[in-house]
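So you know, we letter chains A, B, ... as the sequences are listed, proteins then strands, and number each from 1. The shown structure was predicted, so the numbers you read here are calculated from the model rather than taken from an experiment.
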Amino acid sequence: MAWYRRRRRDLPWRRTSDPYAIWVSEIMLQQTRVVAAIPYYERFLARLPDVATLARARIDTVLALWAGLGYYRRARFLHAAAKIVLREGFPKDAAGLRKLPGIGEYTSAAIASIAFGEPVAVVDGNVERLIARLYAAPHLNKREVGARAQKWLDESEPGDFNQAMMEMGATVCTPRSPSCGTCPLAKHCAGRANPEQYPAPKERAPLIDVAVAVGLTVREGRVFLRRRASTELNSGLWDLPASTGRGKTLGAISHGVLNQRLRVTIHAARPRGEGRWFTAAQLSSAPLATSARKCLLATGFLPQRGRGSVSA
DNA sequence: AACTCGGGGGA
DNA sequence: TCCCCAGAGTT
């Protein structure tokens with residue numbers, strides 16, 4: 001705790017005690033690095049400053065604010081949960097938070113400890129690694145990590161304790177080349193001699209190549225897009241429609257996603273099915289699928305500007 | 001417990 | 001290219 005008070009990063013969600021803002025930050029931080037989430041967090045809260053505004057916003061607005069951050073299901077869960085909160089009130093503890101869509105074991109504990117001071121330890125990737133090394137235990141499951149973290153929890157300041165654990169994992173007890181020389185726990189750490197062995201590496205799924213063909217139609221400066229259905233992946237995002245692949249090839253992109261590598265070929269096509277025409281300017285504020293954005297950059301429909309181009 | 005999410009970015 | 005990130009939901 002002394003180390004944390006000295007070394008904590010000045011992060012935007014550490015400047016508020018608003019449970020809504022902390023909630024938004026925790027959803028954005030799921031499987032997402034702190035530095036990646038910061039600009040999205042700032043923009044999201046500026047546009048949707050409270051839970052009622054979020055609940056009443058259109059899903060397109062929410063998805064557009066999320067575009068580029070990945071794991072878009074999080075945005076839909078957050079929006080759905082905001083509607084529930086507007087109707088039923090903000091949950092008062094971790095158990096109540098846990099019932100909301102998009103909030104699991106980690107996130108319920110994080111919000112409850114940080115916003116409400118509830119003495120419950122979080123287990124994220126940082127805490128797993130820190131505990132595994134501290135005990136030189138390569139194969140602990142989440143429940144076992146949680147029990148050990150809970151034992152150390154400072155119940156007078158559980159939010160700061162949890163953030164201290166994660167901050168340690170993110171800045172000192174890092175996956176590769178940890179800074180054991182400056183670690184305040186080094187002399188208590190059983191894994192100090194060989195930190196890279198903890199936790200044991202997980203076996204990875206083999207990389208799969210997937211061929212995808214999409215159709216591109218441009219007329220009078222507008223491109224034809226379809227909205228992905230609620231039953232599909234990336235539902236709600238605008239995407240290029242599928243193609244038979246028989247039209248003239250206009251380009252190709254590679255789009256890595258988890259254990260897949262999508263090889264997307266872009267073909268000239270006629271507009272088919274439901275869809276909408278977008279100008280390049282309209283796309284800057286539309287929830288566009290990342291692979292579609294790459295295709296539109298590759299074919300020159302969108303200008304090649306600095307990635308992200310997070311315009312309000 | 002394993003798998004998916006057709007993510008994203010640092011090293 | 002590899003690794004893993006303040007994970008959650010589904011099967």
Side-chain angles (χ1 to χ4, degrees), chain A residues 8-9 11-14 22-41 66-78 80-81 97-114 121-130 139 141-143 145-146 149 159-171 173-177 196 199 201-212 214 228 231-235 237 239-240 242 253-264 289-295 307-308:
Chain A
R8 65 190 297 223
R9 290 170 290 180
L11 304 176
W13 44 86
R14 290 183 177 160
I22 291 164
W23 174 25
V24 171
S25 76
E26 290 299 340
I27 300 299
M28 287 190 170
L29 289 165
Q30 290 169 359
Q31 294 298 101
T32 303
R33 291 169 197 272
V34 163
V35 289
I38 288 173
Y40 289 86
Y41 172 87
W66 214 271
L69 198 53
Y71 287 128
Y72 299 94
R73 187 172 58 161
R74 295 181 292 174
R76 297 194 303 277
F77 283 146
L78 179 60
L97 289 160
R98 181 69 180 78
K99 296 174 184 166
L100 292 171
I103 296 183
E105 285 305 315
Y106 163 79
T107 306
S108 60
I111 299 172
S113 63
I114 296 169
V122 300
V123 178
D124 75 330
N126 292 306
V127 175
E128 286 191 66
R129 185 172 56 254
L130 187 74
H139 297 293
N141 62 33
K142 278 186 161 58
R143 183 181 53 78
V145 172
D160 278 354
F161 176 86
N162 282 332
Q163 293 188 79
M165 293 286 279
M166 295 190 281
E167 194 87 342
M168 283 280 297
T171 64
C173 196
T174 52
R176 280 175 298 279
S177 57
E196 264 92 1
K202 299 164 185 162
E203 59 289 350
R204 294 175 51 76
L207 189 64
I208 301 169
D209 274 295
V210 181
V212 181
V214 299
R228 298 188 71 95
T231 54
E232 291 181 287
L233 304 173
N234 279 344
S235 85
L237 296 184
D239 199 0
L240 290 167
I253 59 127
S254 180
H255 181 55
V257 47
L258 298 170
N259 66 325
Q260 295 178 36
R261 184 167 51 205
L262 307 185
R263 305 289 193 178
V264 185
T290 302
S291 61
R293 182 174 299 280
K294 286 186 181 179
C295 289
R307 57 179 177 71

Would you find a donor on one side and an acceptor on the other, under 3.5 Å apart, between the side chain of A:Asn259 and the backbone of A:Ala205? no
Of all heavy-atom pairs linking A:Ile111 and A:Ile22, the shortest is CA-CG2, 4.4 Å
Expressed as a whole number of Å, how far does the P atom of B:dG6 sit from that of C:dC3? 23 Å
Just how far, in rounded Å, is P of B:dA2 from CG of A:Asn259? 16 Å
Salt bridge (Lys or Arg N to Asp or Glu O under 4.0 Å) filter on A:Glu167, not counting sequence neighbours, yields A:Arg9, A:Arg14
Taking only residues two or more places apart in sequence, or in another chain, which ones meet A:Thr107 in a side chain to side chain donor-acceptor pair (under 3.5 Å)? A:Gln30
Return the set of residues passing salt bridge (Lys or Arg N to Asp or Glu O under 4.0 Å) with A:Arg8 (not counting sequence neighbours), or none when no residue passes. none
The criterion is salt bridge (Lys or Arg N to Asp or Glu O under 4.0 Å); which residues satisfy it with A:Glu196, sequence neighbours excluded? none
Tell me the interatomic distance from A:Gln260, atom CD, to B:dG7, atom C1', rounded to whole angstroms. 12 Å
Hey, is the side chain of A:Asn234 poking within less than 4.0 Å of OP1 or OP2 on B:dG7, counting only N and O atoms? yes
Round to the nearest Å and state the distance from A:Tyr72 atom OH to B:dG6 atom P. 9 Å
How close or far is atom P of B:dG6 from atom CD of A:Glu232, stated in whole angstroms? 10 Å
According to the Watson-Crick and G-U wobble definition with distances under 3.5 Å, which dot-bracket string, read 5' to 3', encodes DNA chain B, using [ ] for crossing pairs and | for pairs with another strand? |||||.|||||
Got a sec, which pairs hit salt bridge (charged side-chain N to carboxylate O under 4.0 Å, His left out) with one end in residues 26-39 of chain A, sequence neighbours left out? none
Any residue meeting salt bridge (Lys or Arg N to Asp or Glu O under 4.0 Å) with A:Lys142, in chain and number order, not counting sequence neighbours: A:Glu128
With rounding to whole Å, what would you report as the distance between B:dC5 and C:dC4 at their C1' atoms? 15 Å
Rounded to whole Å, please give me the gap between NE2 in A:His255 and C1' in B:dG7. 7 Å
Mind calculating the distance between CD (A:Glu203) and P (C:dC2) to the nearest angstrom? 16 Å
Please check the phosphate of C:dT1 (OP1 and OP2 only) for any side-chain N or O of A:Arg261 closer than 4.0 Å. yes
For nucleotides 4-11 of chain C, just jot down a letter per nucleotide in 5' to 3' order: B, S or -, based on protein non-hydrogen atoms under 4.0 Å. BBBBBS--
With a non-hydrogen cut-off below 4.0 angstrom, is A:Leu207 in contact with a base, only sugar-phosphate, or nothing? nothing
Could you pull out all residues at least two apart from A:Leu207 that satisfy side chain to side chain contact (heavy atoms under 4.5 Å, CB included)? A:Arg261
